[in-house]
Amino acid sequence: MNESPDASPDAESDLLSGSGLEAEKAKRLAKLDDIRTNGNNPYPYRFDRTHTLSEVRAEHGELEPGTETAARVSIAGRMMLKREQGKLIFATVRDRSDEIQLFVSKAIVGDQAFTDIGNLDLGDWVGVEGIVMTTRKGELSVRVDSLQLLSKALRPLPDKWKGLTDTDTRYRQRYTDLIVNEEARRTFQVRHAVISSFRRTLHGHGYIEVETPMLHLEAGGAHARPFITHHNTLDMTLYLRIALELHLKRLIVGGMERVFEIGRVFRNEGISTRHNPEFTMMESYQAFADCSDVIALTEELIVNAARDAIGTTVVTIDDHTVDLAQPWRQARMIDLVEDAIGVAVHPSQPLEKLRAVAGDHGVSCAPRWGTGKIIEELFEATAEHKLVLPTFVTGHPVEISPLARADRNDPHLTERFELFVGRRELANGYSELNDPVEQRIRFQDEQLAKDAGDDEANGVDEDYLRALEFGLPPTGGLGIGMDRVVMLLSGVHSIKEVILFPTLRPEVF
RNA sequence: GCGCCUCUAGCUCAAUGGUAGAGCAGUGGACUUUUAAUCCAUUGGUUCUGGGUUCGAGCCCCAGGGGGCGCACCA
């Protein structure tokens with residue numbers, strides 16, 4: 001006997017007659033005991049199936065109503081619905097590929113098996129052997145000859161019709177979300193297809209996939225606050241990476257010519273519908289290419305991903321129907337600002353003039369901001385929110401682009417772009433700065449900002465400079481936020497919908 | 001970090017400050033072609049937590065917690 005006071009016979013019978021969660025679990029645990037008492041294992045080690053459910057449907061989907069075939073199949077899945085009807089039981093089982101109906105006849109399986117099947121609970125995993133048939137109404141079914149419990153579910157599923165809508169529970173118990181919400185399954189299928197498509201496109205262009213460190217001595221390549229960690233044996237501070245850029249360009253120095261990485265980066269910043277502390281970036285670098293090649297690649301990657309993941313290039317962005325296959329707009333940042341405010345801006349203008357323009361448009365400038373930073377802030381305040389249709393914003397000021405090469409026609413701007421879709425930044429790329437002397441000056445400017453208290457600024461990365469001194473060929477680089485691409489293509493509005501286990505506060509049990 | 005909204009049965013939701021309810025799930029019963037099966041009966045509650053106001057609080061007030069949205073942050 002269980003020594004727990006809760007397990008006294010009275011308490012146990014109370015539990016078995018009730019219907020709260022604890023009572024439900026108690027009933028199902030009691031069923032487990034019965035199964036074991038009868039010499040069966042409720043958690044067998046394996047099951048051989050001959051068909052996935054979609055394969056059954058593909059082979060037999062055209063049967064006339066009331067057909068019984070001779071086709072014998074073994075299938076496996078989770079029981080989602082059960083309809084008992086006297087000496088018949090209809091049940092719906094689902095595997096990854098599809099759903100199918102089980103047709104259970106007491107006359108065929110026998111009294112004991114019929115009782116056992118009737119005792120199954122929604123959520124249980126089952127393996128079934130039987131023949132393929134259709135009912136009088138034409139529903140494709142497997143007529144059960146034998147059924148084996150593959151794993152017992154102790155908890156009840158959410159409402160079979162209303163499902164699970166509580167966002168907190170959906171994110172914390174993603175397994176439950178995936179069981180009951182078709183949309184969730186579809187979103188993560190889209191995510192898989194997008195990532196797979198990116199790899200295919202890049203491989204098609206001769207890119208090599210690489211993996212670079214996540215633990216960095218210096219968190220560079222982007223402007224963000226890092227997560228800080230510690231290595232015990234080496235007794236040193238390490239930073240989780242905030243970008244992939246600097247290691248990948250070292251590989252271009254090494255002669256790998258075309259490399260990419262799809263991987264997690266970590267930024268110790270706020271959480272919103274567009275930001276998760278860990279998210280997935282794709283970065284690619286191509287020797288002998290420049291910004292214009294990268295723009296073309298970006299468009300190709302996303303258009304291919306749309307075709308591969310959702311079967312169309314037509315997506316809905318806010319209320320607009322957009323065909324991504326149409327060429328995307330390109331516009332310089334300074335021109336977008338001028339369009340928005342009617343005043344021409346340029347980083348070469350006097351600082352005081354730009355500060356005044358910024359003030360006119362509600363942008364308050366920090367003392368250390370230069371003209372380039374002010375222009376970026378003006379852009380974000382006045383123009384960025386208009387960029388619903390895919391737009392490559394180009395020509396960012398040098399000041400805010402420490403790793404990008406200066407425009408060949410304008411030393412104050414860079415050969416850089418950011419892609420905006422639906423007001424969200426999706427991608428960022430440029431002609432890479434490969435002059436080590438110039439790069440050192442840019443790093444030193446960053447270091448000054450860092451020393452002045454900017455905890456998102458990077459210091460001087462001496463090893464990266466050493467690499468550049470061995471010669472980085474002309475290179476075009478690209479970074480794409482994969483989560484946001486998935487959001488675009490799957491039509492969801494929160495990044496938490498495309499991350500299986502988004503960052504949440506700890507749950508209290 | 002700030003503002004607004006939200007939290008009731010396993011799930012989805014009700015309930016003028018006046019006995020906490022429904023549907024689904026569960027349990028018992030009927031039913032050999034159901035489709036969210038149907039029909040009859042039925043179990044199930046620390047109303048997120050802690051204070052307060054009140055004769056009386058799921059509801060009003062205060063504090064705290066979780067979540068959502070917006071802002072801030074965000075190359």
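Chain A is the first sequence line, chain B the second, and so forth, proteins listed ahead of strands; every chain is numbered from 1. All values below were derived from every heavy atom in this structure, side-chain atoms included, with hydrogens, water molecules and symmetry-related copies excluded.
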Exercise for the section: Indicate, with a heavy-atom threshold strictly under 4.0 Å, whether Glu139(A) touches base, sugar-phosphate, or nothing. Expected result: base

Fill in the blank from the handout: Pro158(A) has its side chain closest, among rG26(B), rC11(B), rU33(B), to rC11(B)

Exercise for the section: Look at all strands and tell whether Arg274(A) reaches a base, only sugar-phosphate, or nothing, counting heavy atoms closer than 4.0 Å. Expected result: sugar-phosphate

Practice task
Describe the nucleic acid contact of Asp168(A) in one word from base, sugar-phosphate, nothing, applying a heavy-atom distance below 4.0 Å.
Solution key: sugar-phosphate

Practice task
Determine, stepwise, if the pair Lys87(A) / Asp111(A) fulfils salt bridge (charged side-chain N to carboxylate O under 4.0 Å, His left out).
Solution key: CA-CA 9 Å; Lys87(A) 297 186 176 64; Asp111(A) 291 0; over 6 Å; no

Practice task
State whether the side chain of Arg57(A) and the backbone N or O of Leu53(A) hold a donor-acceptor pair below 3.5 Å, judged by distance alone.
Solution key: no

Exercise for the section: Would you classify Lys373(A) as touching base, sugar-phosphate or nothing, given that sugar-phosphate means primed atoms plus P, OP1 and OP2, and contacts are heavy atoms under 4.0 Å? Expected result: nothing

Practice task
Identify whether any heavy atom of Arg155(A) sits under 4.0 Å from a base atom; if not, whether one sits that close to sugar-phosphate; answer base, sugar-phosphate or nothing.
Solution key: nothing

Practice task
Scan Glu507(A) against the nucleic acid and name what it touches under 4.0 Å (heavy atoms): base, sugar-phosphate only, or nothing.
Solution key: nothing

Practice task
Take atom CZ of Phe279(A) and atom P of rA75(B), then tell me their distance rounded to the nearest Å.
Solution key: 10 Å

Practice task
Indicate, with a heavy-atom threshold strictly under 4.0 Å, whether Thr176(A) touches base, sugar-phosphate, or nothing.
Solution key: nothing

Practice task
Could you tell me whether the side chain of Asp159(A) has a donor or acceptor atom within less than 3.5 Å of a complementary atom in the base of rG23(B)?
Solution key: yes

Exercise for the section: Classify the nucleic acid contact of Arg172(A) as base, sugar-phosphate or nothing, counting any heavy atom under 4.0 Å across all strands shown. Expected result: sugar-phosphate

Practice task
Mind checking Glu446(A) for me? I need base, sugar-phosphate or nothing, with any heavy atom below 4.0 Å counting as a touch.
Solution key: base

Practice task
Please state whether the phosphate of rA25(B), meaning OP1 or OP2, lies under 4.0 angstrom from any side-chain nitrogen or oxygen of Lys160(A).
Solution key: yes

Practice task
Pick base, sugar-phosphate or nothing for Ala107(A), based on heavy-atom distances below 4.0 Å to the nucleic acid.
Solution key: base

Exercise for the section: May I ask you to decide whether Glu446(A) forms a salt bridge with Arg442(A), counting only side-chain N to carboxylate O separations under 4.0 Å? Expected result: no

Problem - Centroid-centroid under 6.0 Å between Tyr175(A) and Phe501(A) rings - result: no

Practice task
Determine the contact category for Leu403(A): base if any of its heavy atoms lies under 4.0 Å from a base atom, sugar-phosphate if only primed atoms, P, OP1 or OP2 are that close, otherwise nothing.
Solution key: nothing

Exercise for the section: Using both pair distances under 3.5 Å as the test, note the stems of at least 3 consecutive Watson-Crick or G-U pairs that include RNA chain B. Expected result: B:1-7 with B:65-71, B:10-13 with B:21-24, B:26-30 with B:38-42, B:48-52 with B:60-64

Practice task
Can you label the angle between the Phe90(A) ring and the Phe103(A) ring as parallel, tilted or perpendicular, going by 30° and 60°?
Solution key: perpendicular

Exercise for the section: Answer with base, sugar-phosphate or nothing: what part of the nucleic acid does Phe103(A) contact at a heavy-atom distance below 4.0 Å? Expected result: base

Exercise for the section: State, yes or no, whether a side-chain contact exists between Thr52(A) and Val56(A) at a heavy-atom distance under 4.5 Å. Expected result: no

Practice task
Report the residues that fulfil side-chain contact (heavy atoms from CB on, under 4.5 Å) with Leu81(A), sequence neighbours left out, ordered by chain and then residue number.
Solution key: Arg83(A), Thr92(A), Lys160(A)

Exercise for the section: Check whether any side-chain nitrogen or oxygen of Lys496(A) sits under 4.0 Å from OP1 or OP2 of rG68(B), and answer yes or no. Expected result: yes

Handout entry: Per Gln101(A) side chain, nearest of listed nucleotides rU35(B), rG67(B), rC24(B)
Key = rU35(B)

